[in-house]
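Treat the numbers as computed from the prediction; the structure is a model and nothing was measured. Labels below follow one simple rule: chain letters A, B, ... track the order of the sequence lines, proteins then strands, and each chain is numbered from 1.
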Amino acid sequence: MSSYNFTEIEQKWQKYWDENRTFKVTEDPSYPKEKRMYVLDMFPYPSGAGLHVGHPEGYTATDMYCRYLRMNGYNVLHPMGFDSFGLPAENYAIKTGTHPEKTTMENIENFRRQIKSLGFCYDWDREVSTHTSEYYRWTQWIFLQLYKKGLAYEAETPINWCPECKTGLANEEVKDGGCDRCGTPVTRKNLRQWMFQITEYGDSLLEGLNDINWTESVKAMQNNWIGRSEGANVVFKLENGQGQIEVYTTRPDTLFGATYMVLSPEHKLVDKITTQEFKDAVENYKTQAALKSDLERTDLAKGKTGVFTGAYAINPVNGDKIPVWISDYILISYGTGAIMAVPAHDERDWEFAKTFDLPIKQVVSEDGHIKELTEVYPAKDGVAVNSGKFDGMKTADVIPAIIKWLEEEGIGHKSVNYKLRDWVFSRQRYWGEPIPLVHCPSCGTVPVPESELPLELPEVTSYEPSGTGESPLANIDEWVNCSCPKCGGAAKRETNTMPQWAGSCWYYLRYIDPKNTESFCSKEKEEYWMPVGLYVGGAEHAVLHLLYARFWHHVLHDLGLVSTREPFHRLINQGMILGEGGIKMSKSLGNVINPDDVINEYGADSMRLYEMFMGPLEVTKPWATSGISGVFRFLNRVWNMANREVSEDEPTKEQLKSLHKTIKKLTNDTSKLEFNTGIAQMMIFVNENYGDEKVNRAIFEPFIKLLAPYAPHIAEEIWQILGHKDIIANEKWPTYVEEYTVDDEVTIVVQVNGKLRAKMQMPADITKEEMEKAAFDNENVKSHTDGKHIVKVVAVPGKLVNIVVK
RNA sequence: GCGAGCGUGGUGAAAUUGGUAGACACGCUAGACUUAGGAUCUAGUGCCUCGCGGUGUGAGGGUUCGAGUCCCUCCGCUCGCACCA
């Protein structure tokens, strides 16, 4: 008997699938809509480090699922590609002078080799890489569509700046005040930027969440990130006719309790209203605030700071004269950058008022009675007091009543705000898509004509970012200087590039029609496949990629370019794989597992099985090298069975039961992506049948089909050993006969007062009465019931008898 | 602080509608085969106890004939957001 030579087997079948284009897929109209499935993996950034064990986790899951679907008669689109623009290759270029394209192509080669070595059923003819000009031609084209729709605009605003990466960052790319990529504390910098008006789609992105089957946590994160709130804008006139301050509040019911106002230090009215007496103090405070990093400004532990401007405003509801302060706890980017402070009912205002000894006036109470407030009372379900004609009304009723009154008086209106900020879309770096716009002194900003796309990245001599806010492209005069597409006069190209997110915003559409030179994706093919039926990837993209891609897709939908509102119907996040001992895998700790090593030692099939056997797909779990030996032994046992003499006998009843229970379990678990329990059931099957001297064809062949999506190489080899000419990947998934799966005899449990006292083997179709009788006849049961009063007997057919005694 | 999720053996984990807690696997123990074993096979393995039995799913309470599962309170951990008015 030959031993299980996984290396030879795996190379043989990978070569076969590749050469025969086994997994090539076409838009075959004979498949009805419900038998088409688009299963998508988040494509990797091809880093120099190669694949780690976390990558193949999601890829293995989708591969098993796709192979299962194929065997169940589905036409399955399952592509792979590379998110190949990005900073590491560029940073490497700065260090060594190697062109990022060269490094990127080498890394892609390595990634492709590693991914293929796991035997995944991708249609490699659809592979895309975002850094190629035939791909980014369409990234640029889509950018222009958004631009023409008025969603891209140029702005000179303070943005998040990473001094290490020397580029601007979107809000979503700042984590704990640091750069998402390198952790360097983010500073503010005033820069000319291209922005996307994603806020315009706030409601659309929020509502869309209701229609998609995503994990609650990701939906919650997007929900929080968009951060919609409802309230009112209210206008406060300044005391001596100097103008007015508009504020946003979610609690217009507390308007009577506004005892002072606060402006953000950056608010444009600050200089205008500050009186001579307070000029120095205000200037000083503004300078201090500007010097602080975001992290320092938002540090909750630091306490409230601020200065009085000398100005007063008039509370429109009661005519009170209230002081106007500035403080850095008011953000210029949210609402109107100014607030009315209601210290009695807002924690932050309370703290500020206590610090500066400002008046506190209660306007909401628990029961309509005014009591001395010893702490802030922020409850939203109180009763109005000190509120003129609104006294006695419940908070929920006061809010709309006051808004109505404000609107009638023309001093306010209902309004909606979002935490979501517009998307800073330009990067001051080299290795990204050039933004296809031209700056003309007479025509202004002019888009590059679509016929001239792609606008290719020029060669540069230095990849070093200038650090002053211009990309290395700014130094290439012959590229920057161009003629205006509109008037033909001298003009300059936009030198900013797009962020890495651009390419991943639409790659799933390009897979559908990757070679199309006429459009980004043909309408017919798009309609054939979209939406993505299952999308699997890491949770780290919960608000970044997944929000941006949804935004682009919503816009493309509004432009009539795609047929679905939402791109990804179902989303699953695979859990992180930790190092041995439950600590994070990292290069510095030296506990990174390289899939190449695992495949060399145990083979790809074992690697695949172990990745899924570790636990449920979605949970974080530690890698254990010792654990892989379990699945490796299992495959060896399967191999040994396959090399036994084949029996053509009718299978026994026991064999049939073993098989059909296994088919039933695998059908259920594979379709629900519960691979860990599916693998356990296959192990049970082997344990049950391993003792047989010969292998029974009628039960072993269906079993190998069940194994095929999980361990495809060994399954193909065994299928061939069993005498088949066709490959198992194209076989039909077995079906089970319910009748065979049911046991004739079941174990009936007897409890006395809920405690287990006996087990009885009885026919499965036994009646309640027979069960009860047998229970009372049982010696051990008798010893627990003798001399006691029987209160109640509960009998569940096929399960248990519970006798309640006193 | 807010939002989401999770707490089960020495370890990774199982457990349809509430119905034998710990499937499957790792590890461990004993035995078999072997020149050898980090190979293979067999048996055992939640904890306490010689045993009978008791006890056991983060803690406490509740509902129920019966709770890992449902309800309440609390504790701990992970992730995300965090002065968003």
Side-chain angles (χ1 to χ4, degrees), chain A residues 3 175-177 215-225 227-229 231 247-251 254 262 264 297-304 327-331 333-342 345-349 351-352 417-421 539-540 542-543 573 575-576 580-582 609-610 613-616 618-631 633-634 636-637 640 668 674 676-684 686-687 690-691 746-756 758-759 783 791-796 798-805:
Chain A
S3 66
K175 275 204 162 62
D176 300 325
T215 50
E216 282 309 310
S217 67
V218 179
K219 284 206 219 179
M221 276 191 236
Q222 294 218 346
N223 205 332
N224 291 344
W225 192 262
R228 185 182 200 275
S229 78
V247 301
Y248 170 72
T249 177
T250 55
R251 293 294 301 274
T254 61
V262 192
S264 159
R297 267 187 75 157
T298 57
D299 184 5
L300 287 164
K302 78 172 174 21
K304 296 280 179 288
S327 172
D328 63 4
Y329 84 92
I330 305 307
L331 310 172
S333 55
Y334 187 76
T336 60
I339 62 149
M340 63 174 206
V342 185
H345 307 293
D346 181 283
E347 213 175 322
R348 299 150 299 180
D349 298 346
E351 198 191 327
F352 192 81
N417 260 284
Y418 301 89
K419 288 206 284 190
L420 181 70
R421 302 268 74 86
E540 66 273 19
V543 279
N573 295 122
M576 219 191 340
E580 302 236 14
L609 279 182
Y610 180 62
F613 188 62
M614 288 196 304
E618 292 99 322
V619 308
T620 300
K621 44 210 173 276
W623 181 271
T625 300
S626 64
I628 199 169
S629 60
V631 293
R633 271 177 216 163
F634 162 71
N636 271 287
R637 281 154 75 89
N640 292 342
N668 177 62
E674 292 168 6
N676 54 329
T677 48
I679 294 165
Q681 181 61 41
M682 289 193 281
M683 289 173 169
I684 292 170
V686 169
N687 291 345
Y690 195 65
V746 290
T747 309
I748 303 289
V749 172
V750 186
Q751 298 175 338
V752 179
N753 286 349
K755 291 205 166 75
L756 181 65
K759 291 179 184 182
S783 70
V791 181
K792 190 174 181 180
V793 178
V794 181
V796 182
K799 294 263 186 204
L800 58 77
V801 180
N802 190 10
I803 303 165
V804 186
V805 297

message: Walk along nucleotides 19-34 of chain B from 5' to 3' and tag each nucleotide B, S or - by protein heavy-atom contact under 4.0 Å, base first, then sugar-phosphate.
response: BB--BBSSS-------
message: Using the salt bridge (charged side-chain N to carboxylate O under 4.0 Å, His left out) criterion, which residues pair with Asp328(A)? Sequence neighbours excluded.
response: Lys292(A), Lys302(A)
message: Quick check: any donor-acceptor pair below 3.5 Å linking the side-chain of Lys419(A) to the base of C81(B)?
response: no
- prompt: When the ring planes of Phe352(A) and Tyr329(A) are compared, do they come out parallel, tilted or perpendicular, using 30° and 60° as the limits?
  reply: tilted
query: Counting distance only, does the side-chain N/O of Tyr610(A) pair as donor-acceptor with the main-chain N or O of Ala624(A) below 3.5 Å?
result: yes
query: Are any side-chain N or O atoms of Arg421(A) and backbone N or O atoms of Ser333(A), one a donor and one an acceptor, separated by less than 3.5 Å?
result: yes
query: Of all residues at least two apart in sequence or in a different chain, which pass the salt bridge (charged side-chain N to carboxylate O under 4.0 Å, His left out) check with Lys419(A)?
result: none
query: Distance-only, no hydrogens or angles: does the Asn802(A) side chain make a donor-acceptor pair with backbone N or O of Gly754(A) under 3.5 Å?
result: yes
task: Could you tell me whether Tyr690(A) contacts a base, only the sugar-phosphate backbone, or nothing, with contacts defined as non-hydrogen atoms closer than 4.0 Å?
output: sugar-phosphate
field: Chi class for G62(B): syn within 90° of 0, otherwise anti
entry: anti
task: Give Ile803(A) one of three labels, base, sugar-phosphate or nothing, depending on what nucleic acid heavy atoms sit under 4.0 Å from its own.
output: nothing
message: What's Ala624(A) touching, base or sugar-phosphate or nothing? Going by heavy atoms closer than 4.0 Å.
response: nothing
